[in-house]
Protein chains: 2
Amino acid sequence: MTASTAAIVVIGAEVLSAKVVDENGPFLLATLRARGIDTRETRTIGDDVEVIGRTVSELAASHTYVFTTGGVGPTHDDVTIAGIAKAFDVDVVQDPTLKGLIEQYYKDRLAPPHLKMAEVPRGATVNVPKGLGFVPVIRMRNVYVLPGVPALVKRCWASFEEELTRDVFFAGVLYFNVPESKIADIMTTAQRAYPAVAIGSYPRFDDGPYLVKVTFDGRNEAEVDAARSHVLAGVDTSWLVNGAP
Amino acid sequence: MTASTAAIVVIGAEVLSAKVVDENGPFLLATLRARGIDTRETRTIGDDVEVIGRTVSELAASHTYVFTTGGVGPTHDDVTIAGIAKAFDVDVVQDPTLKGLIEQYYKDRLAPPHLKMAEVPRGATVNVPKGLGFVPVIRMRNVYVLPGVPALVKRCWASFEEELTRDVFFAGVLYFNVPESKIADIMTTAQRAYPAVAIGSYPRFDDGPYLVKVTFDGRNEAEVDAARSHVLAGVDTSWLVNGAP
């Protein structure tokens with residue numbers, strides 16, 4: 001499959017130490033999915049320049065897009081910019097546009113920590129979404145550097161979404177009232193017959209309206225339909241739950 | 001710091017494709033934290049033997065513990081066991097205890113897919129928590145292999161928690177009614193003076209009762225207190241919010 005892939009890097013000790021539950025990863029997963037971009041991996045890592053550098057370097061080399069969240073403020077534990085610079089082996093430099101916006105915002109209250117927020121990896125492009133003061137989306141090659149505050153991430157996303165490729169996933173689904181083991185073999189043969197369709201099997205163990213949900217995801221609608229039909233042809237119709245949620 | 005570290009690997013296309021929001025990562029982060037184990041990284045990856053193998057191999061070599069969730073059922077998309085075996089370059093073999101429990105459970109309904117759930121990497125230890133039928137916790141060296149269903153993960157955790165090291169984090173906190181930039185310098189000097197204490201700075205941008213929460217985490221209570229006192233001594237008392245949540 002040559003369609004775009006993505007990786008998400010959530011940066012923040014507050015997530016790893018369970019002080020907050022990350023919302024940015026799920027948001028980006030859902031929005032990337034809606035845009036037809038295939039996220040292959042998410043990682044949550046700490047505020048550590050070396051770890052950020054290694055992680056971003058590896059993921060940027062293997063995916064169309066990388067999105068980082070967090071670690072872009074004015075304090076000692078905001079080291080994402082330094083980490084991204086390390087990933088691409090470039091310096092950290094002051095961006096004149098950001099510097100100007102920050103000076104304009106703080107006026108005579110301006111202090112050195114504010115100007116830390118004007119720093120970018122050399123070669124990055126800076127885009128300040130309207131209405132967000134000086135909160136930038138910094139793009140370093142294929143890496144989008146986003147803030148950590150979920151409301152800001154959403155507003156930043158809206159500002160650059162149209163730069164990204166757009167593709168489409170076709171999805172099919174079947175619900176069963178029998179356990180996975182009953183349909184395992186037919187799913188295996190369907191998966192072999194349609195390798196470009198991702199067939200997923202999700203049992204539930206509560207008192208829900210079905211026992212197993214089977215999903216069919218792919219880039220080609222006819223293939224997705226064919227894989228679903230392949231499974232359908234191999235099961236007893238009494239095993240199916242129609243119209244399950 | 002020589003205390004135990006952990007990494008979490010969430011395995012499942014359903015999370016990456018935003019069909020479900022992962023609950024197991026946040027659960028494990030919180031429980032590991034409560035036990036004093038320092039989680040350094042979480043990753044979410046797809047149901048892919050090669051990717052699981054590479055990921056687990058890398059993380060098992062660099063952390064005291066690795067916890068995987070998901071991908072252990074009877075269907076074609078359950079490939080976690082094969083991935084773990086690949087990580088340690090061993091075969092997949094049938095565990096006689098699990099085989100016996102599965103045969104006992106299914107009796108004359110037993111079918112080949114059921115026995116897939118008796119497979120383990122060669123050399124793994126198998127522990128079946130009481131009351132969970134044949135749902136095992138499979139441990140391969142320092143890697144704990146857990147199911148994907150959150151309710152099962154919680155019950156499995158309770159069954160092996162006492163095998164893990166226990167340590168303690170000491171935590172301090174300060175709340176401020178001034179922006180981060182005002183306290184950035186004193187936090188930087190405190191962080192330099194107490195490198196073993198993780199000082200975190202978390203601004204909020206809503207109408208909450210404070211502007212910045214500063215956290216102090218460490219293994220040594222006196223050091224945590226000293227780092228907090230260092231910051232406290234460097235700020236104006238009118239900047240502090242007492243008793244903020």
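Letters A, B, ... mirror the listed sequences (proteins, then strands); counts begin at 1.
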Peer 1: Got a second to check how far B:Asp77's CG is from B:Glu14's CD, nearest 0.5 Å?
Peer 2: 8.0 Å
Peer 1: Salt bridge between A:Arg204 and A:Glu180, side-chain N to carboxylate O under 4.0 Å?
Peer 2: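 A salt bridge is absent here (no side-chain N lies under 4.0 Å from a carboxylate O).
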Peer 1: Is B:Thr55 reaching over with its side chain to a backbone N or O of B:Ile52, donor-acceptor style, under 3.5 angstrom?
Peer 2: no
Peer 1: With under 30° as parallel and over 60° as perpendicular, where do the rings of A:Trp157 and A:Phe27 fit, or are they tilted in between?
Peer 2: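 Ring orientation, 0 to 90° scale: perpendicular.
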Peer 1: Among the options B:Pro74, B:Ser181, B:Ala34, pick out the one with the most heavy-atom pairs lying under 4.5 Å from chain A.
Peer 2: B:Ser181
Peer 1: Quick one: what part of B:Thr215 sits under 4.5 Å from any heavy atom of chain A, side chain, backbone, both or neither?
Peer 2: side chain
Peer 1: Quick one: do A:Asp217 and B:Lys19 make a salt bridge, cutoff under 4.0 Å?
Peer 2: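 Yes, A:Asp217 and B:Lys19 are salt-bridged.
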Peer 1: Measuring heavy-atom distances to chain A, does B:Ile199 have an atom under 4.5 Å in its side chain, in its backbone, in both, or in neither?
Peer 2: both
Peer 1: Relative to chain B, which segment of A:Gln191 carries a heavy atom at a distance below 4.5 Å: side chain, backbone, both, or neither?
Peer 2: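 Interface part for A:Gln191: side chain.
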Peer 1: B:Tyr202, B:Tyr106, B:Phe205: which one forms the most heavy-atom pairs within less than 4.5 Å of chain A?
Peer 2: B:Tyr202
Peer 1: Below 4.0 angstrom, N of the basic side chain to O of the carboxylate: do A:Lys99 and A:Glu103 qualify?
Peer 2: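 Here A:Lys99 pairs with A:Glu103 in a salt bridge, since their nearest N and O are under 4.0 Å apart.
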Peer 1: Let me know if B:Arg33 has heavy atoms under 4.5 Å from chain A in its side chain, its backbone, both or neither.
Peer 2: side chain
Peer 1: Look at A:Ile8, A:Asp47, A:Val15 and state which one has the largest set of heavy-atom pairs under 4.5 Å with chain B.
Peer 2: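 Most heavy-atom pairs within the cutoff with chain B belong to A:Val15.
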Peer 1: For A:Asp78 and A:Thr75, what are the C-alpha separation, side-chain angles and deciding distance, and is it a side-chain hydrogen bond (donor to acceptor under 3.5 Å, both in side chains)?
Peer 2: CA-CA 5 Å; A:Asp78 292 309; A:Thr75 57; 2.8 Å; yes
Peer 1: Quick one: of B:Ile183, B:Leu152, B:Thr39, who has the most non-hydrogen atom pairs under 4.5 Å with chain A?
Peer 2: B:Thr39
Peer 1: Heavy atoms only, distances under 4.5 angstrom: which of A:Ser201, A:Ala184, A:Ala18 has the most pairs with chain B? Name it, please.
Peer 2: A:Ser201
Peer 1: Which bit of B:Ala198 is near chain A, if near means a heavy-atom gap under 4.5 Å: side chain, backbone, both or neither?
Peer 2: neither
Peer 1: Checking heavy atoms, do the side chain of A:Ala30, its backbone, both or neither come under 4.5 Å from chain B?
Peer 2: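 Looking at A:Ala30, backbone and side chain both touch chain B.
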Peer 1: Looking at CG of B:Leu16 and CZ of A:Arg40, how far apart are the two atoms once the value is rounded to the nearest 0.5 Å?
Peer 2: 9.5 Å
Peer 1: Please determine, among A:Gly12, A:Ala13, A:Ser17, the option with the most heavy-atom pairs under 4.5 Å with chain B.
Peer 2: A:Ser17
